Colleague: 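Have a look at this one before I ask anything.
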Amino acid sequence: MSSPRTGLRVASVIFGIFAIGHLVRLINQAQVTVRTLTIPMGLSWIALIVAAILCIWLWRLSSRAGT
């Protein structure tokens, strides 16, 4: 990665993938269990919102970043 623009775009895409993953979990009502703890669906709503905001924010920053 030789430019800030590339790094910001890669990070934005990664956050976008995370957001899509949480959206798919919410649509399918998939249960996630870690050992004996079941992760509540509300946590995926929060993670979806945070990941989507970061995705959009980083993409917009990449548009302003120099090459």
Side-chain angles (χ1 to χ4, degrees):
M1 278 190 269
S2 60
S3 72
R5 171 180 255 168
T6 303
L8 289 168
R9 292 247 167 129
V10 168
S12 176
V13 169
I14 290 170
F15 279 115
I17 292 169
F18 283 133
I20 291 169
H22 283 290
L23 183 62
V24 169
R25 177 187 181 215
L26 289 165
I27 290 170
N28 293 330
Q29 294 293 307
Q31 293 296 320
V32 175
T33 305
V34 179
R35 292 193 181 222
T36 59
L37 178 67
T38 301
I39 308 301
M41 289 292 179
L43 199 57
S44 268
W45 280 110
I46 294 168
L48 168 65
I49 292 166
V50 170
I53 289 170
L54 287 171
C55 174
I56 294 165
W57 180 45
L58 290 174
W59 193 268
R60 286 183 178 175
L61 280 177
S62 73
S63 297
R64 293 185 220 147
T67 56

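Numbering starts at 1 and runs along the sequence shown. Please read these numbers as outputs of a predicted model, since none were measured by experiment.
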Colleague: Within this structure, what is the CG-CG distance for the pair Leu43 and Leu48, rounded to the nearest 0.5 Å?
Modeller: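 Reported value, rounded in 0.5 Å steps: 11.5 Å.
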Colleague: If you define the side chain from C-beta out and look only at heavy atoms, does anything of Arg5 sit under 4.5 Å from Arg64?
Modeller: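 Of all side-chain heavy-atom pairs linking Arg64 with Arg5, none is under 4.5 Å.
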Colleague: Identify the two heavy atoms, one from Arg9 and one from Ser62, that lie closest to each other, and give their separation to 0.1 Å.
Modeller: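 Closest pair (atom of Arg9, atom of Ser62, distance): NE-OG, 2.8 Å.
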Colleague: Could you tell me the separation between the CE atom of Met41 and the OG atom of Ser44, rounded to the nearest 0.5 Å?
Modeller: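 Reported value, rounded in 0.5 Å steps: 6.5 Å.
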Colleague: Grab the two heavy atoms, one from Ser12 and one from Cys55, that are nearest each other, plus how far apart they are.
Modeller: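 Residues Ser12 and Cys55, closest heavy atoms: OG-O, 2.7 Å.
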Colleague: Under a single-linkage definition using a 4.5 Å side-chain heavy-atom cutoff for Ile, Leu, Val, Met, Phe, Trp and Tyr, are Leu26 and Val24 assigned to the same hydrophobic cluster?
Modeller: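 No; Val24 is not reachable from Leu26 via cluster members.
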Colleague: Check for me, please, whether Leu8 and Val50 land in the same ILVMFWY cluster - side-chain distances under 4.5 Å, paths through other members count.
Modeller: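 Yes; tracing contacts between hydrophobic side chains, which count when under 4.5 Å, links both residues.
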Colleague: Transitively linked via ILVMFWY side-chain contacts under 4.5 Å: Ile27 with Trp45?
Modeller: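 Yes, one cluster joins them.
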Colleague: Roughly how far, to the nearest 0.5 Å, is the CD1 atom of Ile53 from the CG atom of Leu58?
Modeller: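 It is 11.5 Å, given to the nearest 0.5 Å.
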Colleague: Do Phe18 and Val10 sit in one hydrophobic cluster, given that two such residues count as connected whenever their side-chain heavy atoms are within less than 4.5 Å of each other, even indirectly?
Modeller: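 Result: yes, single cluster for both.
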Colleague: In the single-linkage hydrophobic clustering (I, L, V, M, F, W, Y; side-chain heavy atoms under 4.5 Å), do Leu54 and Ile46 co-cluster?
Modeller: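 Result: yes, single cluster for both.
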